2 protein chains.
Amino acid sequence: MKLVKIYECLCDETRLRVLHVLAQGPLCVCHFQQILRAPQVKISKHLAYLRSRGLVVCERSGNWMVYALPAKPPRELRANLACLQDCTRENPVFRRDLARRRKFAPKFARTSPCGCAPAA
Amino acid sequence: MKLVKIYECLCDETRLRVLHVLAQGPLCVCHFQQILRAPQVKISKHLAYLRSRGLVVCERSGNWMVYALPAKPPRELRANLACLQDCTRENPVFRRDLARRRKFAPKFARTSPCGCAPAA
DNA sequence: ATACTATATTCCGTTTAAGGAATATAGTTC
DNA sequence: GAACTATATTCCTTAAACGGAATATAGTAT
């Protein structure tokens with residue numbers, strides 16, 4: 001995996017937030033929408049971008065597409081994801097995303113495949 | 001320092017190489033030209049880019065502009081520079097840059113301000 | 001002042017990315 | 001198959017970045 005390609009993926013805030021919350025486990029598109037409070041197109045496109053570069057993988061599960069970090073990421077990716085977690089530890093935006101993810105977890109769990117689920 | 005801004009700086013190979021060799025100490029533009037084998041405009045522009053985002057600092061010394069990493073970089077920058085060093089350790093391109101830097105060091109030392117110097 | 005060196009900036013064409021509106025696709029449910 | 005849900009893709013506009021050629025600027029040396 002080319003290092004520059006990784007950094008290209010990291011240079012957009014939405015994608016950073018996506019990768020950051022994904023570290024806690026897989027999610028579907030509609031969950032990202034709620035956690036990041038961003039429109040469907042935006043989320044979907046950024047996920048496609050990340051996917052085309054191998055930073056995330058996905059799998060269909062009924063109506064849902066479940067996105068996750070690759071099971072065995074290459075060294076450079078692992079290092080950078082760890083660095084990202086480290087750098088965001090005290091950042092309000094990223095912390096708020098995690099808080100929302102936690103808050104929504106039960107609601108997600110009721111409806112959806114990934115051990116998560118959409119709202120109404 | 002905004003995390004995304006850092007990643008924007010890191011998503012170009014020339015800039016990665018610049019930051020990578022800078023970890024070994026300050027250099028002038030003409031040294032980068034020789035180490036990276038890249039034209040003056042290219043080096044100069046990328047250094048300006050890095051400088052405008054605070055990833056490098058510079059100081060004039062006679063005819064030369066001496067570029068260096070900031071003395072006390074913010075946490076996120078320090079973490080990412082360390083990660084970069086880690087990720088490039090086995091990369092031929094980056095290793096070759098370091099080799100060239102070492103090879104040119106005496107020649108640089110003869111002529112220039114930063115404990116380095118241009119060639120002919 | 002002139003010539004010279006090192007570096008920065010401007011101008012140009014090309015590529016890439018971003019966001020949103022609208023639309024298409026795939027799967028589910030009845 | 002019609003209605004519905006979740007997601008992807010297309011089209012469009014705008015903005016940013018890259019590289020190189022040419023030119024400008026700042027400092028040095030004579």
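Note on naming: letters A, B, ... go to the chains in the order of the sequence lines (proteins, then strands), and numbering restarts at 1 for each one. Every value quoted in this text rests on a predicted model; they were computed, and no experiment measured them.
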Do side-chain atoms of Arg75(A) reach the backbone of Leu77(A) as a donor and acceptor pair under 3.5 angstrom?
no

Roughly how far apart are Lys103(B) NZ and Gln34(B) CD, rounded to 0.5 Å?
9.5 Å

Protein heavy-atom contacts under 4.0 Å, written 5' to 3' over nucleotides 11-17 of chain C as B (base), S (sugar-phosphate only) or - (none), form the string B-----S

Pick base, sugar-phosphate or nothing for Tyr67(B), based on heavy-atom distances below 4.0 Å to the nucleic acid.
sugar-phosphate

Starting at atom CG of Leu10(B), determine the distance to atom P of dA17(D), rounded to an integer number of angstrom.
14 Å

Can you tell me if Ser44(A) touches the phosphate of dT7(D), counting only side-chain N or O atoms and a distance under 4.0 Å to OP1 or OP2?
no

Taking the six-membered ring of Tyr49(A), is the NZ or CZ of Arg15(A) close enough (under 6.0 Å from the centre) and on axis enough (within 45°)?
yes

In this structure, how many angstroms lie between the P atom of dT7(D) and the CD atom of Glu59(A), rounded?
14 Å

Would you indicate whether Gln24(B), at its atom CD, is surrounded by more than 12 heavy atoms from other residues, nucleotides or ligands within a distance under 6.0 Å?
yes

In whole angstroms, how far is the C1' atom of dA6(C) from the CD atom of Gln34(B)?
12 Å

Please give, in whole Å, the distance from dA6(C) P to Leu47(B) CG?
16 Å

If you count every heavy atom of other residues, nucleotides or ligands that lies below 6.0 Å from Arg96(A) atom CZ, does the total exceed 12?
yes

Whole Å only: how far is the CD1 atom of Ile43(B) from the P atom of dT5(C)?
20 Å

Among Leu69(B), Val57(B), Leu55(B), Leu22(B), exactly one meets side chain to side chain contact (heavy atoms under 4.5 Å, CB included) together with Leu50(B). Which residue is that?
Leu55(B)

Sorted by chain and residue number, the side-chain contact (heavy atoms from CB on, under 4.5 Å) partners of Cys58(A) (sequence neighbours excluded) come out as Arg51(A), Met65(A), Tyr67(A)

Rounded to whole angstroms, how far apart are CG on Leu16(B) and P on dC18(D)?
11 Å

Among the nucleotides dA8(C), dT7(D), dA6(C), whichever has the atom closest to the side chain of Gln33(A) is dT7(D)

Decide, yes or no, whether a salt bridge links Glu76(A) with Lys2(A) under the criterion of side-chain N to carboxylate O below 4.0 Å.
no

Rounded distance in Å - CD (Glu13(A)) to P (dA18(C)):
13 Å

Give every pair of a protein N or O atom and an N or O atom of nucleotides 22-28 of chain C that lie under 3.5 Å apart, one pair per line with the distance.
| residue | atom | partner | partner atom | Å |
| --- | --- | --- | --- | --- |
| dG27(C) | N3 | Asn63(A) | OD1 | 3.3 |

Donor-acceptor under 3.5 Å (Thr88(A) side chain, Gln85(A) main chain):
yes

